[in-house]
Protein chains: 2
Amino acid sequence: MTGLDPAAPADADLVAEWRSLLARHAATSCALDRELGERHHLGMSEFEVLERLSEAGLPAGQGLRAQDLALTVHLSQSALSRLIGRLEKAGLVERTLCEADRRGIFVALTDAGRTRYREARPTHRDVLAGTLGDASAENSADPA
Amino acid sequence: MTGLDPAAPADADLVAEWRSLLARHAATSCALDRELGERHHLGMSEFEVLERLSEAGLPAGQGLRAQDLALTVHLSQSALSRLIGRLEKAGLVERTLCEADRRGIFVALTDAGRTRYREARPTHRDVLAGTLGDASAENSADPA
DNA sequence: TTGCATTGGTTGCACGTGCATGTAGTGTAC
DNA sequence: GTACACTACATGCACGTGCAACCAATGCAA
């Protein structure tokens, strides 16, 4: 099965890689959602946004453009808009107008948001270590 | 930042790996859903189920237990039940009673299902080659 | 100025998903 | 036989998502 059809082996490799990626993604994102949700009332994407905002390291009051967030978090702009809405309602971020271009908005962490992120971060790292690091990611945390 | 805290570097590696996985998953699954949807009226998970059924290589009329399908496709049991319902309504699979254990069901490909899978398979492989193979997966197919 | 294309963000809607629950069938103990 | 725990699948419901449509602001051209 290795020399007859030049396309078949490459396909098999690709499919195997894709399935492995699917399995690791499913196990990790599921575990992440569960742990972050139970312990910190955060979804996976919520945490990801808080992390980006925290990494930006902007002084309190300053924020990131929603557009810039959408580039790093893999969400549609509508989903991001609603996600920011949720975080804002929870008091974790603030929307502020962008003076330079009044179409845009800045999204900034509040103190509560910074605190929540600091609390949730160890959980996030633990789950990653448990599912990506170990080989136990096979069937440990499927949605089923 | 490399010798002071023994946990920090490992964390950074894990996070980097996780973000890479997220990016590749988002790009590939999004492209897959779009291409399979446009060209073959199939979702990613639908195709995955058809593929598992096809790989089982059972004689026409025989099928897989829904439970066995749930193990390989990363879906909850309820999601799988509805997915099978959709495929059945589309005439691509058939539900048949399991005589031995009448709680269970067999899911079997119909001829139409086999045909649809054969048609969709090259598209699936092309997308995989285009997003997993190339380094162009960075920003080519985000939902945004 | 007016007009038009483009960009940034929000909202109506349909859809797929997971959780909890319901229903039918199985196996075991009494 | 009856009762009870358990399994396999289906369904009600709430929620997050993407798409398309929308509105406001900007930039450019005539």
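No experiment lies behind these values; they were computed from the predicted model shown. Labels below follow one simple rule: chain letters A, B, ... track the order of the sequence lines, proteins then strands, and each chain is numbered from 1.
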*Over all heavy atoms of both residues, which pair between B:R52 and B:L69 is shortest? Give the atoms and the distance, please.*
CB-CD2, 3.8 Å
*State whether A:R125 and A:E51 are salt-bridged, where the test is any N-O pair (Lys NZ or Arg NE/NH1/NH2 against Asp/Glu carboxylate O) under 4.0 Å.*
yes
*asked:* Rounding to an integer number of Å, can you tell me how far A:L69 CG sits from C:dG8 C1'?
replied: 13 Å
*Euclidean distance, atom CZ of residue A:F106 to atom C1' of C:dG9 [Å, nearest integer]*: 14 Å
*Choose from D:dT17, D:dT11, C:dT10 the nucleotide whose nearest atom is closest to any side-chain atom of A:S81.*
C:dT10
_Shortest side-chain distance from B:R82, nucleotide among D:dC9, C:dG8, D:dG12_ = D:dG12
*Considering only D:dA10, C:dA24, C:dT10, which nucleotide approaches the side chain of A:I105 most closely?*
C:dT10
*Report the distance from atom CG of A:L83 to atom P of C:dG9, rounded to the nearest whole Å.*
14 Å
_From C-beta outward on A:R103, which listed nucleotide comes closest to its side chain: C:dG9, C:dG18, C:dT6?_
C:dT6
*asked:* Looking only at the side chain of B:L75 (C-beta and beyond, no hydrogens), which of the listed nucleotides C:dT17, D:dA10, C:dT11 gets closest?
replied: C:dT17
*Apply salt bridge (charged side-chain N to carboxylate O under 4.0 Å, His left out) to the pair A:E38 and A:R34, showing each step before the final yes or no.*
CA-CA 6 Å; A:E38 281 181 8; A:R34 181 163 32 77; 5.6 Å; no
*Side chain of B:S78, base of C:dG18: donor and acceptor closer than 3.5 Å?*
yes
*Which whole-number value in Å describes the distance from B:I84 CD1 to D:dA8 P?*
14 Å
*Would you say C:dG9 has OP1 or OP2 under 4.0 Å from some side-chain N or O of A:R65?*
yes
_Length of the CG-P vector between B:D101 and D:dT7, whole Å_ = 12 Å
*Atom CG of B:D68 to atom P of D:dT7: distance rounded to whole Å?*
16 Å
*Quick one: is C:dC15 close enough that its OP1 or OP2 comes under 4.0 Å of any side-chain N or O from B:R86?*
no
Contacts under 3.5 angstrom, residues 78-86 of chain A side chains, donor-acceptor by atom type, not counting sequence neighbours:
unit_1 : atom_1 : unit_2 : atom_2 : d
A:S78  : OG     : A:S76  : OG     : 3.1
A:R86  : NH1    : A:E46  : OE2    : 2.8

_Candidates D:dG18, D:dC9, D:dT26 - which lies nearest the side chain of A:R102_ = D:dT26
*Shortest non-hydrogen contact from B:L42 to B:F47?*
CD1-CD1, 4.5 Å
*asked:* Tell me whether the side-chain N or O atoms of A:S76 pair up with the base of D:dC19 as donor and acceptor below 3.5 Å, since no angle test is needed here.
replied: no
*Between B:E99 (CD) and D:dA8 (C1'), how many Å, whole number?*
15 Å
*Rounded to whole angstroms, how far apart are CG on B:D33 and P on D:dG18?*
11 Å
*asked:* Can you tell me if A:Q77 touches the phosphate of C:dG9, counting only side-chain N or O atoms and a distance under 4.0 Å to OP1 or OP2?
replied: no
